[in-house]
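Worksheet: one structure, shown below.
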Amino acid sequence: MKSQPGCAPNTVTYNSLMDGFSKAGKLDKSIELFHKMKEEGVCPNEITLNILVDGMCKQGRISSALEFFNAMKKEGLEGNAITYTAFISAFCNVNNINKALELFDEMISSDCAPDAKVYYALISGLCQARRLDDACSISEKMKSAGFHLDAVGYNILINGLCKTMKLDKVNELLKEMEGVGVQPDEVTYNTLISALSKSGHLSGADQVMKHMTANGIVPTAVTYGALIHGHCTAGDLNEAMKIFREMGTTSKVPPNTVIYNILIQSHCEKDDVESAISLMDEMQEKGVFPSIITYNTMFKGLRERNWLDKAFQLMDDMIKQACNPDYITMEILTEWLSAVGETERLRRFLQGEEVVCSL
DNA sequence: GAAAACGCGT
């Protein structure tokens with residue numbers, strides 16, 4: 001391109017390349033290109049700024065991003081709602097909600113008009129941090145600014161309110177949705193069913209499921225998972241298994257990994273590790289892949305029984321299936337296997353070697 | 001012509 005007359009790369013060229021490199025995880029390359037464009041006299045614009053700020057924020061380099069933002073301000077590049085969205089999401093993700101709120105205020109006071117996306121980023125962060133009063137007040141501000149919440153926005157708030165047991169407010173929002181013509185969707189119903197199930201209101205959960213079907217929304221594995229989990233929590237494993245068997249046959253919704261995990265956990269907690277093992281065999285026969293959570297749940301159950309040979313077998317399965325241990329696996333196995341003098345096998349496991357044959 | 005956001009089950 002550079003060798004062609006009249007074809008010199010411009011700001012758009014550089015921006016496209018920089019965004020590509022950032023998204024491919026090569027932020028350094030992207031920053032290098034930024035310096036190169038300046039050397040060549042190609043002017044960075046607001047989009048250049050946002051590409052780099054977003055890239056840095058997503059790599060967890062928030063303070064570098066802030067430094068860069070401030071440096072650009074001095075050169076006359078102000079930043080817009082997109083810039084602030086990147087910062088607000090990043091700070092929410094590291095649980096620094098106050099900094100996110102601070103930036104939101106800074107945006108308003110610097111006469112930068114917020115758009116719907118920046119509101120959503122903040123509302124989601126506040127809900128995640130269980131600051132529901134703040135989340136609701138931001139959503140009110142959003143509405144007074146002329147935006148209306150979509151179903152996803154309502155779902156975020158409803159979920160947060162369910163988790164903090166502000167159920168009056170949940171009803172209020174459901175009525176509001178109806179009033180403004182935003183239809184509850186699958187996630188709305190699943191959220192309600194999950195909340196009711198978890199708090200032991202199983203008949204309420206059933207009712208919501210009837211409403212859901214009546215409104216033409218087909219229950220999915222998530223819906224059944226919420227119900228099954230509720231019955232497990234209530235200690236009624238029989239009913240949970242009944243729903244589990246019916247979902248696959250009557251409703252034709254095949255159980256997935258999460259549902260098997262819920263049931264495996266519940267059986268382990270009832271000290272019925274044998275049934276947990278059969279469930280795990282069953283899932284594999286049906287082509288449902290165990291996840292790291294399946295393995296961790298099994299290891300916890302097996303440890304209670306000090307059932308070492310089965311654990312070694314599962315460790316080998318993990319290696320074969322390329323299912324990587326996480327910090328929870330490490331915690332369980334390190335504690336258990338050191339206590340029984342099997343650290344050599346743990347070492348082999350972490351090296352990705354099979355452990356059963358090394359008896 | 002190039003940039004951003006939000007939800008349910010283990």
Side-chain angles (χ1 to χ4, degrees), chain A residues 9-20 22-23 30 37 42 44-55 57-58 79-90 92-93 114-128 135 138-139 142 147 149-163 184-198 205 208 212 217 219-230 232-233 247 253 255-266 268-269 290-298 300 328:
Chain A
N10 61 11
T11 307
V12 178
T13 322
Y14 274 102
N15 285 351
S16 305
L17 266 178
M18 288 166 66
D19 193 41
S22 290
K23 291 198 161 82
S30 175
M37 77 190 280
V42 180
N45 61 13
E46 205 167 47
I47 297 178
T48 320
L49 166 71
N50 287 341
I51 287 167
L52 281 173
V53 165
D54 189 58
C57 282
K58 292 217 164 92
N80 55 17
I82 299 180
T83 328
Y84 284 101
T85 304
F87 282 119
I88 288 171
S89 303
C92 288
N93 285 334
D115 60 11
K117 291 177 182 177
V118 71
Y119 279 107
Y120 284 133
L122 188 56
I123 290 171
S124 153
L126 288 166
C127 284
Q128 192 114 28
I138 296 291
S139 82
M142 179 176 175
F147 299 100
L149 286 166
D150 60 9
V152 179
Y154 279 108
N155 289 342
I156 297 168
L157 285 169
I158 289 171
N159 184 42
L161 292 165
C162 282
K163 292 211 158 101
D185 64 7
E186 187 203 319
V187 176
T188 321
Y189 286 111
N190 288 345
T191 305
L192 296 172
I193 289 169
S194 165
L196 289 165
S197 287
K198 267 191 202 147
V208 173
M212 176 179 189
I217 298 173
T220 64
V222 177
T223 320
Y224 287 102
L227 274 182
I228 289 170
H229 187 210
C232 287
T233 305
M247 70 177 280
V253 178
N256 60 14
T257 305
V258 176
I259 292 187
Y260 276 104
N261 289 348
I262 294 167
L263 290 167
I264 287 171
Q265 170 169 307
S266 196
C268 284
E269 278 166 1
S291 64
I292 186 58
I293 298 180
T294 320
Y295 285 107
N296 290 344
T297 309
M298 284 301 314
K300 278 183 208 162
I328 298 175

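Chain letters run A, B, ... following the sequence lines, proteins first, then strands; residues in each count from 1. Please read these numbers as outputs of a predicted model, since none were measured by experiment.
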Could you give the [atom1]-to-[atom2] distance, from [X] to [N], as a whole number of Å?
{"X": "A:I156", "N": "B:dC6", "atom1": "CD1", "atom2": "C1'", "answer": "3 Å"}
{"X": "A:E46", "N": "B:dA2", "atom1": "CD", "atom2": "P", "answer": "16 Å"}
{"X": "A:L157", "N": "B:dC8", "atom1": "CG", "atom2": "P", "answer": "12 Å"}
{"X": "A:D19", "N": "B:dG1", "atom1": "CG", "atom2": "C1'", "answer": "13 Å"}
{"X": "A:L161", "N": "B:dC8", "atom1": "CG", "atom2": "P", "answer": "13 Å"}
{"X": "A:I158", "N": "B:dG9", "atom1": "CD1", "atom2": "P", "answer": "14 Å"}
{"X": "A:Y84", "N": "B:dA5", "atom1": "OH", "atom2": "C1'", "answer": "17 Å"}
{"X": "A:F87", "N": "B:dA3", "atom1": "CZ", "atom2": "P", "answer": "18 Å"}

Closest approach to the side chain of [X], judged atom by atom: which nucleotide of [options] is it?
{"X": "A:S89", "options": "B:dA4, B:dA5, B:dC8", "answer": "B:dA5"}
{"X": "A:I259", "options": "B:dC6, B:dA3, B:dG9", "answer": "B:dG9"}
{"X": "A:N15", "options": "B:dA4, B:dA2, B:dC6", "answer": "B:dA2"}
{"X": "A:I82", "options": "B:dG1, B:dA4, B:dG9", "answer": "B:dA4"}
{"X": "A:S16", "options": "B:dC6, B:dA2, B:dG9", "answer": "B:dA2"}
{"X": "A:V12", "options": "B:dT10, B:dA4, B:dA2", "answer": "B:dA2"}

Polar pair under 3.5 Å, donor/acceptor by atom type, side chain [X], base [N]:
{"X": "A:N45", "N": "B:dA2", "value": "yes"}
{"X": "A:N80", "N": "B:dA3", "value": "yes"}
{"X": "A:N261", "N": "B:dG9", "value": "no"}

Taking side chain to side chain donor-acceptor pair (under 3.5 Å) as the definition, give me every residue that meets it alongside [X], ordered by chain and number, with sequence neighbours left out.
{"X": "A:D185", "answer": "A:N155, A:T188"}
{"X": "A:T48", "answer": "A:N15, A:N45"}
{"X": "A:Y119", "answer": "none"}

**Asked** What nucleic acid atoms does A:I262 come within less than 4.0 Å of, heavy atoms only: base, sugar-phosphate, or nothing?
**Response**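 Here A:I262 touches the backbone only, sparing every base.
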**Contact list for DNA chain B against residues 185-195 of chain A - heavy-atom distance below 4.0 Å** = A:D185, A:V187, A:N190, A:T191, A:S194
Quick one: is [X] getting a side-chain N or O under 4.0 Å of the [N] phosphate, OP1 or OP2?
{"X": "A:H229", "N": "B:dT10", "value": "yes"}
{"X": "A:K58", "N": "B:dA3", "value": "no"}
{"X": "A:K198", "N": "B:dT10", "value": "yes"}
{"X": "A:K163", "N": "B:dG9", "value": "yes"}

**Sidechain-backbone polar pair: A:N190 side chain, A:I193 backbone, donor-acceptor under 3.5 Å** = no
**Asked** Quick one: salt bridge (charged side-chain N to carboxylate O under 4.0 Å, His left out) partners of A:K23, sequence neighbours excluded?
**Response** A:D19
**Item:** side chain to side chain donor-acceptor pair (under 3.5 Å) between A:N261 and A:T294, intermediate numbers included
**Value:** CA-CA 5 Å; A:N261 289 348; A:T294 320; 2.6 Å; yes
With a cut-off of 3.5 Å and sequence neighbours excluded, list every side-chain donor-acceptor pair involving residues 81-89 of chain A.
{"from": "A:T83", "atom 1": "OG1", "to": "A:N50", "atom 2": "OD1", "distance (Å)": "2.5"}
{"from": "A:T83", "atom 1": "OG1", "to": "A:N80", "atom 2": "N", "distance (Å)": "2.8"}
{"from": "A:T83", "atom 1": "OG1", "to": "A:N80", "atom 2": "O", "distance (Å)": "3.2"}
{"from": "A:T83", "atom 1": "OG1", "to": "A:N80", "atom 2": "OD1", "distance (Å)": "3.2"}
{"from": "A:Y84", "atom 1": "OH", "to": "A:E106", "atom 2": "OE2", "distance (Å)": "3.0"}
{"from": "A:T85", "atom 1": "OG1", "to": "A:A81", "atom 2": "O", "distance (Å)": "2.7"}
{"from": "A:S89", "atom 1": "OG", "to": "A:T85", "atom 2": "O", "distance (Å)": "2.9"}

**Request:** Taking all heavy atoms of A:Y260 and all of A:P255, pick out the closest pair and write down the distance.
**Result:**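 Residues A:Y260 and A:P255, closest heavy atoms: CE1-CB, 3.9 Å.
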